[in-house]
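Chain letters run A, B, ... following the sequence lines, proteins first, then strands; residues in each count from 1.
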Amino acid sequence: MAGNRPIKFRILELCNGGKWNYEIVSQIQKEYGLKGGFHRDSINFDIIELASGGMLKDVEVKVDEEGVYKKGFLLHKYELTDFGKVRAADACLMYV
Amino acid sequence: MDLKALKKQEHQKRVKYGYMWAFFCAVLWGMWYIPGTTVWVLNPFDEMYGEIAAGSGDGMALVIVAVLITAFNALTVILALTVWNGVLGKFGEMKRTVKEFHPCSKWFFLASIFGGPMAILGSFIAMGFVGGAFAAVAALMYPVIGSILAQKWYGEKISKRAYLGIAFIIAGGITIFGGGLLTELGSGNVAWIGYLGGLMAAAGWGIEGAIAGKGLDIAEPDVGLTLRFLGENIIWWIIIVPILAIIGFPMFKYAFMAFEPLTLLVLVFAGITFGFCYVTWYKSFPLIGVGRGQGIGNLYGLFAVIFIFLFFGDVPSWTILLGGALCLGGSSIMFSEDTGEMESLRGD
């Protein structure tokens, strides 16, 4: 049921197996029909919020050489933490 | 540029923005006490106070007027936040979030019970009975309640450093409350209910924070805060104000009279400062950590005292200044601790 639940729920789902921030952002933009740079940054901020809340952890970093997200900036790979799994389960995300 | 330098640059950028948001929060929160204090002497609230005081006594009149003022505060806050969400294009997300009753909206509505009828009403009562500076500084005690609750509830550990901070804040609180009380006991005229209001503000915001955190960490804060104020509006306008009207207080008569330019202007000013202090508060947390965000945000006590001095020329009594300084010292001790969140933010 993509696009029907709050964005952060979907981000938690997507990060279950570990995912790069640009992959998450572009998938969310597609599923929720959110276009443009403003929504892109706002979704990325959601990811940062989840990470700072301890639900996601930053597992890998690389420089965006080709400009898949923002050329010259850092790309982060995130994974769901144990706490993130508990919170996702509270939100009835069943496959976690 | 190499990876390490880029990481450092990204971290510095985040921290810079985080402190900026937290600082805005402190300024806005401090400013809120200006309309909050002013509104008491404006009509229709002044007239309403007179009418109810004549029939039911001063104490009752103050509480009932405070209810109406708090209800209007909630109304203008939700207006400000609705505009904000509209600008950000977040109505879709709001619809998605409100439907998630179990994980999200339940917590927001529960938080609004403690935030509204307890903390904000208590603040207005303290402003009306004792004064703006007292109301602002008394609420500085909220982190004590918040951290004790978090410890009991989610088993969060309180470090020695945090205990030291709590001790400072409690000493500050005793100075603020005790100082005012002693002076008033001497004059034989104690505004007990105002002091109760100060305690309600501190306890209410502490409890609200602990509860709201549960829903906010998996929702969009802009949306979550709007829903929390939606809850508060329901409590005031659908439950409490009508009940008071049925009991026989002239709630709606004066509510309709609030639509005069000056009163509306002051109320809108209250809504904007209060609404955006919440928004900026939550924006700072992911960037600098909850601890630092709250620590900087707590400077609102200082700003409130400064603004009240600039606008009304009120010099607070030395007990409020000393107590406020102790509370600020305590929150810096408590919040300058390195948190786990900071680690994950740095990405090292």
Taking every non-hydrogen atom, the tightest pair across [X] and [Y]:
X: B/Glu93; Y: A/Lys8; value: OE2-N, 4.4 Å
X: A/Ser42; Y: B/Lys90; value: OG-CE, 4.1 Å
X: B/Lys283; Y: A/Phe45; value: O-CZ, 3.8 Å
X: A/Arg5; Y: B/Arg96; value: O-CD, 3.3 Å
X: A/His39; Y: B/Gly89; value: CE1-O, 4.1 Å

Quick check: are there more than 12 heavy atoms from other residues, nucleotides or ligands sitting under 6.0 Å from [atom1] of [X]?
X: A/Tyr69; atom1: OH; result: yes
X: B/Phe303; atom1: CZ; result: yes
X: A/Lys70; atom1: NZ; result: yes

Next on the checklist: So for B/Lys106, is it side chain, backbone, both, or neither that comes closer than 4.5 Å to the heavy atoms of chain A?
Outcome noted: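 Neither part, no heavy atoms under 4.5 Å.
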
Checklist entry - Could you go step by step and tell me if A/Ile48 and B/Arg14 meet the side-chain contact (heavy atoms from CB on, under 4.5 Å) rule? => result CA-CA 10 Å; A/Ile48 296 173; B/Arg14 282 187 191 176; 3.5 Å; yes

Checklist entry - Is it the backbone or the side chain of A/Leu50 that comes under 4.5 Å from a heavy atom of chain B, or both, or neither? => result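 Only the side chain of A/Leu50 comes within 4.5 Å of chain B.
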
Checklist entry - If you round to the nearest 0.5 Å, how far is CG of A/Leu74 from NZ of B/Lys7? => result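 With rounding to 0.5 Å, NZ (B/Lys7) is 8.0 Å from CG (A/Leu74).
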
Next on the checklist: If the test is side chain to side chain contact (heavy atoms under 4.5 Å, CB included), which one of B/Val98, B/Val223, B/Ile218, B/Thr97 qualifies with A/Pro6?
Outcome noted: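 Per the side chain to side chain contact (heavy atoms under 4.5 Å, CB included) rule, the option paired with A/Pro6 is B/Thr97, out of B/Val98, B/Val223, B/Ile218, B/Thr97.
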
